[in-house]
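What follows is one structure encoded as structure tokens, with my remarks underneath.
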Amino acid sequence: MKDYLAARLRAVLSDLKGVPDGFEPELETPAAPEHGDLATNTALRLAGPLGDSPRAVAEDLAERLRADVDPERVASVEVAGPGFINFRFAEMHLQRGLEEILAAGSGYGRTDDHAGETALVEYVSANPTGPLTVGHGRNAVLGDAIANLLAHTGYDVTREYYFNDAGRQMRVLGQSVKARYEALAAETRGEPAPTKTLDGAEGESVEVPASFPDEGYQGAYVTDIARALFDEHGDALPSEEGVEPFQKKAEEVLFAEIEQTLGRLGVDGGIRMDSFFNEQTLYDDGRVWEVLDALREAGYVYDEEGATWMETTRTGKEKDTVLVKSSGEPTYRLPDIAYHADKFERGFDRMVDVFGADHIATYPDVLSALEILGYDPGKVDVSIYQFVTLVRGGEPVKMSTRRATYVTLDDLIDEVGRAVLRVDDASGEDVSDEEISDEEITRAGADIVRFFFLMRSPSSHLEFDLDLAKEASDKNPVYYLQYAHTRIASILRKADEVGVAFSDAPDLSLLTHEAEQALIKELLRFPDAVRQAADAREPHRVATYLRDVAQAFTQFYAHCHIIGEERDLATARMHLAKATQVVLRNGLVDILGISAPERM
RNA sequence: GUCCCCGUAGCUCAGUGGACAGAGCAGUGGCCUCCUAAGCCGCGCGUCGCAGGUUCGACUCCUGCCGGGGACGCCA
């Protein structure tokens, strides 16, 4: 409808003299229902250029539009306030819209705005140095939902995970595992293992093997990996030579864990990446050096103090940036540039990077380097999200990966899932009436975790209130949406039992109640809501929208019955309920990645 | 010091330059012989951090300041 009215406005405006070139009419859904179903500010914006008062321009435009517009779609065109033009939908438009929703089914909400275009969404991208934490969770869920949104606007989407298994971090991890392994081997031989003390969590001291790196990873998982190696190989692994076998085993174990965690974090197999891109390949095939040469040829690179620098002062930064250290080893920025160049070479029309706020200072370098290399940085969107604070009992939980004071995503899913299903945390015993499986805990936990990550704007610091998340009550906002879906499922089951059936030709004109009309209008906004969320890369807009849908539905539910009503009315209302279910399901499952249960 | 994000109801947060600023929770008052009350209907709740500016119109854009968080490395 928005598109239709925008087209009619453009047509009417083309008859007028003095309209600025490239003028695009704007249409919005007014906050107050008495201002109609859609409104435009066109007259206000054109009053100046046309040299007339806004009211007069509005009256003129409204007059022309009334003659132009299809009366089966638009019931009224009125001028109001300082010069707004308010449109009211015709009943026939609502009926047809409802039919379209039901006909489209799981395809409703999708548009072909970007049909034929490809997009790459890069997210998670955590190096395998430990389990995924709550912080990674926001990245993973946000990236996944953004990828879903882009797919809904027609993009052919590739989901990619970028990692580096050859850098300093991984070497330190390998050393950490090796130290634990050697201590384990010594202990088994009954030899004393020398130890030393490091700073651990919250100012406490931690005793570690003497060979443990000062910057080593203190998490228990490191010892688990060492133990696994010891169980496999005994103390046969060379203790004097390199860390390769330890690093390799750690990577293998941790990557398997990461994939498993991602697999839990969503409906239908969870988050599944299409591709894992190893930074190391950029070294192996020399691409890193090709990029450096190209930047040098373009005149943006110089050598000083044994290091190689990029003149980022020429691209708007305070300082120049080191690309290659005096050790001959590139900083991470150079492979980042090469990686993005590779994305361009693969021919994507649109590239989205989902990064935490700590990357905010680095990506401008990558974008300006790309521009220097002749790529269009406008094709890259960097979606920055702010950090997550986990709040338990009103107090923030402090986290550090290295010192092992993190909360893993797995633990978060488990803790929340167990709590809402009332499985006793300590014993794992069900304290509810029914047997509860691990799958159910995962689903319940993941639904809530995903929703909490997706209900806020990415630019907003996210306060994850564990106590609220663990409440299986109306306080927990995700249930409001799921409950509306469940309720519809329940009604449709019941209606079937008493013999109210869907019809090929329902009389939808019977849906005249205020609550019915409001609900239909809400449902018809879905494609536009998806489009706006996709364009902004902001999934929380879908969550906000779905809340409005659920609310419109429960109001309809409170006022309008199905069972017990006259047959034709009952049938028409069933169709409306079904259409609502379609929207809730498509939004929850296909975009937010949250389950839409049949029963609760 | 420079840069980025945030500052909206008691709390957590929505709010595409528009018409009297919204939701949930918390508070409070009603509503289950009726398709799940995980619900519905009321009530109260605001110097939209402060001060300027742009605009017919600013919570929204610009500048400055104040407060909270983060980034500024030959770490990733």
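Throughout, a chain's letter reflects where its sequence line sits, starting with A, and its residues are numbered from 1. These figures come from a predicted structure and were not determined experimentally.
When all heavy atoms of A/Leu592 and A/Arg450 are compared, the closest pair comes out as O-NE, 2.8 Å.
As rounded to whole Å, 16 Å separates atom P of B/rG73 from atom CG of A/Asp336. Rounded to whole angstrom, the span from the OH atom of A/Tyr545 across to the P atom of B/rU16 amounts to 17 Å. For the pair A/Phe452 CZ and B/rC25 P, the computed distance is 12 Å after rounding to whole Å. For the pair A/Phe451 CZ and B/rU12 P, the computed distance is 18 Å after rounding to whole Å. Atom-to-atom, CD1 of A/Ile360 to P of B/rC72 comes out at 11 Å; the value is rounded to the nearest Å. The distance from atom CE of A/Met455 to atom P of B/rG15 is 13 Å, rounded to the nearest whole Å. Atom CD in A/Glu463 sits about 17 Å away from atom P in B/rC6, given to the nearest Å. Protein atom CZ of A/Arg138 is 13 Å distant from nucleotide atom C1' of B/rG69, rounded to whole Å.
At the phosphate of B/rU36, OP1 or OP2 sits under 4.0 Å from a side-chain N or O atom of A/Ser490. Between A/Lys325 and the phosphate of B/rA76, there is a side-chain N or O to OP1/OP2 separation shorter than 4.0 Å. The phosphate of B/rC3 has neither OP1 nor OP2 within less than 4.0 Å of any side-chain N or O from A/Lys319. Contact annotation: A/Ser460 reaches the phosphate of B/rA14 (side-chain N/O to OP1 or OP2, under 4.0 Å). Using a 4.0 Å cut-off, no side-chain N or O of A/Tyr332 falls inside it from OP1 or OP2 of B/rG73.
Of the charged side-chain nitrogens involved, at least one lies within less than 4.0 Å of a carboxylate oxygen, so that A/Glu26 and A/Arg45 count as a salt-bridged pair. The pair A/Glu24-A/Arg10 counts as a salt bridge, with a side-chain nitrogen and a carboxylate oxygen less than 4.0 angstrom apart. Taking the charged nitrogens against the carboxylate oxygens, A/Arg314 and A/Glu311 do have a contact shorter than 4.0 Å, which makes a salt bridge.
Within residues 479-486 of chain A, the residues approaching RNA chain B are A/Tyr479, A/Tyr480, A/Tyr483, A/Thr486, by heavy-atom distance under 4.0 Å. Contacts between residues 568-580 of chain A and RNA chain B, defined by a heavy-atom separation below 4.0 Å, involve no residue at all.
Using a 4.0 Å heavy-atom criterion, one finds that A/His359 contacts no nucleic acid atom at all. When heavy atoms are screened at a 4.0 angstrom cut-off, A/Thr308 is found touching no nucleic acid atom at all. When heavy atoms are screened at a 4.0 angstrom cut-off, A/Asn127 is found touching the sugar-phosphate backbone but no base atom. Residue contacts shown for A/Thr554 are limited to sugar-phosphate atoms, with no base heavy atom under 4.0 Å away.
With both ends at atom P, the span from B/rG22 to B/rU33 equals 35 Å, rounded to whole Å. Taking atom P in both B/rG52 and B/rG68, one finds a spacing of 24 Å when rounded to whole Å. Going from the C1' atom of B/rA21 to that of B/rU47 covers 14 Å, rounded to whole Å. Separating the C1' atom of B/rU8 from that of B/rG46 is a span of 8 Å, rounded to the nearest Å. B/rU2 sits 29 Å from B/rU55 when the P atoms are compared, rounded to a whole Å. Taking atom C1' on both nucleotides, B/rC50 is separated from B/rG67 by 11 Å, rounded to a whole Å. Look at the P atom in both B/rC25 and B/rC62: the space between them is 35 Å, to the nearest Å. B/rC20 and B/rU63: their C1' atoms are spaced 30 Å apart (whole Å).
Closest to the side chain of A/Asp358, from the set B/rC5, B/rC4, B/rA71, is B/rA71. With B/rC74, B/rC5, B/rC40 as the choices, the nucleotide that has an atom nearest any side-chain atom of A/Ala307 turns out to be B/rC74. In the set B/rA37, B/rA76, B/rC5, the nucleotide with an atom closest to the side chain of A/Thr362 is B/rA76. The listed nucleotides are B/rC35, B/rA14, B/rG70; the one nearest the side chain of A/Lys494 is B/rC35.
Side-chain contact between A/Glu598 and A/Arg493 is present, with heavy atoms from C-beta onward closer than 4.5 Å.
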Mark up nucleotides 17-24 of chain B, 5' to 3', with B wherever a protein heavy atom is under 4.0 angstrom from a base atom, S wherever such an atom reaches only the sugar-phosphate, and - elsewhere.
-> -BBB--SS
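A/Asp353 and A/His359 share no side-chain donor-acceptor pair at under 3.5 Å.
Judged by ring centres under 5.5 Å apart and planes tilted less than 30 degrees, A/His561 stacks against the six-membered base ring of B/rC35.
Every ring pair (Phe, Tyr, Trp, His ring centres under 6.0 Å) that A/Phe255 has, sequence neighbours left out, goes to A/Tyr161, A/Phe163, A/Phe276. The side-chain contact (heavy atoms from CB on, under 4.5 Å) search around A/Leu510 returns A/Asp507, A/Asp568, A/Leu569, not counting sequence neighbours. Residues meeting the salt bridge (charged side-chain N to carboxylate O under 4.0 Å, His left out) test with A/Arg287, sequence neighbours left out: A/Asp285, A/Asp342. Not counting sequence neighbours, the partners of A/Phe464 by the ring pair (Phe, Tyr, Trp, His ring centres under 6.0 Å) test are A/Phe452, A/Phe453. For A/Asp336, the salt bridge (charged side-chain N to carboxylate O under 4.0 Å, His left out) criterion is met by no residue, not counting sequence neighbours. Looking at residues two or more places apart in sequence or on another chain, you find no salt bridge (charged side-chain N to carboxylate O under 4.0 Å, His left out) involving A/Arg171. In this view, A/Glu251 satisfies the salt bridge (charged side-chain N to carboxylate O under 4.0 Å, His left out) rule with no residue, not counting sequence neighbours.
Figure legend: cation-pi geometry between A/Arg487 and A/Phe553 absent, as NZ or CZ is not positioned both under 6.0 Å from the six-membered ring centre and within 45° of its axis. For the pair A/Arg138 and A/Phe387, the cation does not sit on the ring face, since its NZ or CZ is not both under 6.0 Å from the ring centre and inside 45° of the axis.
No donor-acceptor distance shorter than 3.5 angstrom exists from the side chain of A/Asp381 to the backbone of A/Val352, with no hydrogens or angles considered.
Base orientation for B/rC31: anti, the chi torsion being more than 90° from 0.
Of the two residues near RNA chain B, A/Ile384 and A/Leu492, the one whose nearest nucleotide lies more 5' is A/Ile384. Nearest-nucleotide assignment on RNA chain B puts the 5′-proximal partner with A/Thr29, out of A/Thr29 and A/Glu598.
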Base-pair map of RNA chain B as dot-bracket, where | denotes pairing with a different strand and pairs are Watson-Crick or G-U under 3.5 Å = (((((((..((((....[...)))).(((((.......))))).....(((((..]....))))))))))))....
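The side chain to side chain donor-acceptor pair (under 3.5 Å) contacts involving residues 525-535 of chain A comprise A/Lys2-A/Asp528, A/Asp113-A/Arg531, A/Glu522-A/Arg525, A/Asp528-A/Arg531, A/Asp528-A/Gln532, where partners must be two or more places apart or lie in separate chains.
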